[in-house]
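One structure below.
What you see below is based on every heavy atom in this structure, not just the backbone, and it leaves out hydrogens, waters and symmetry mates. For the single chain, residues carry numbers from 1 onward in sequence order. What you see is a predicted model; the values in this text were computed from it and never measured.
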Amino acid sequence: MKSIIIASLVLSTALLAGMGRDMPTFTEYDTDGNGKITQTEFENSQQQRMQKKAEEGRMLRNAGNAPTFQDVDVDGNGYLDANEFKAHQQSCQKRQQPPVKN
């Protein structure tokens, strides 16, 4: 019984550590380093990430459901700042987490 509990803890820790680790950083998308992500930067970075995953033989799960620039640019000002980018990532992470069972 003790070994089952330990194995479960190890597996849970590994799964939690892996959640969100594939999330891009703001600086990966802000390719000119000006603190703003334009639609061109967003789309080019998104395409490069998908191409890299494909080259690595990784599954492109939900690639057709990838967010558009407009999905992330919630204030509609034509660029993404760090706060919009972070808020979008947090909403994605919440959707990826399994529901908590009571």
Item to check | Short side-chain donor-acceptor distance under 3.5 Å, T40 and T38 | outcome: no
Next on the checklist: Under 4.5 Å side-chain heavy-atom separation, chaining through any Ile, Leu, Val, Met, Phe, Trp or Tyr, what else clusters with V74? Say none if it is isolated.
Outcome noted: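 Besides V74, the hydrophobic cluster comprises nothing; the residue is isolated.
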Taking all non-hydrogen atoms of both residues, which atom of [X] and which atom of [Y] are closest, and how far apart?
| X | Y | result |
| --- | --- | --- |
| E28 | T25 | OE1-N, 2.6 Å |
| S45 | T31 | OG-CG2, 3.9 Å |
| I37 | E41 | CA-OE1, 3.3 Å |
| P67 | V72 | CB-CG2, 4.1 Å |

Checklist entry - Given side chains that start at C-beta, do those of Q46 and P24 come closer than 4.5 Å, heavy atoms only? => result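 Counting from C-beta outward, Q46 and P24 never come under 4.5 Å.
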Item to check | The single option from R49, E55, K53 passing side-chain contact (heavy atoms from CB on, under 4.5 Å) against Q51 | outcome: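 In the set R49, E55, K53, the residue that makes a side-chain contact (heavy atoms from CB on, under 4.5 Å) with Q51 is E55.
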Item to check | Residue pairs fulfilling ring-ring contact (aromatic ring centres under 6.0 Å, His included) with at least one residue in residues 49-78, sequence neighbours excluded | outcome: F42-F69
Checklist entry - Which class fits the ring pair F26 and F85: parallel under 30°, tilted 30 to 60°, perpendicular over 60°? => result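 Perpendicular.
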Item to check | Test salt bridge (Lys or Arg N to Asp or Glu O under 4.0 Å) applied to K86 - qualifying residues, sequence neighbours left out | outcome: none
Next on the checklist: Holding to salt bridge (Lys or Arg N to Asp or Glu O under 4.0 Å), I want the full list of residues that pass it with E56, two or more places apart in sequence or in another chain.
Outcome noted: R58
Checklist outcome for this item: Sorted by chain and number, sequence neighbours left out, side-chain contact (heavy atoms from CB on, under 4.5 Å) with D81 holds for Y79, N83, E84
Next on the checklist: Going by side-chain contact (heavy atoms from CB on, under 4.5 Å), name the residues that satisfy it together with Q48, two or more places apart in sequence or in a different chain.
Outcome noted: none
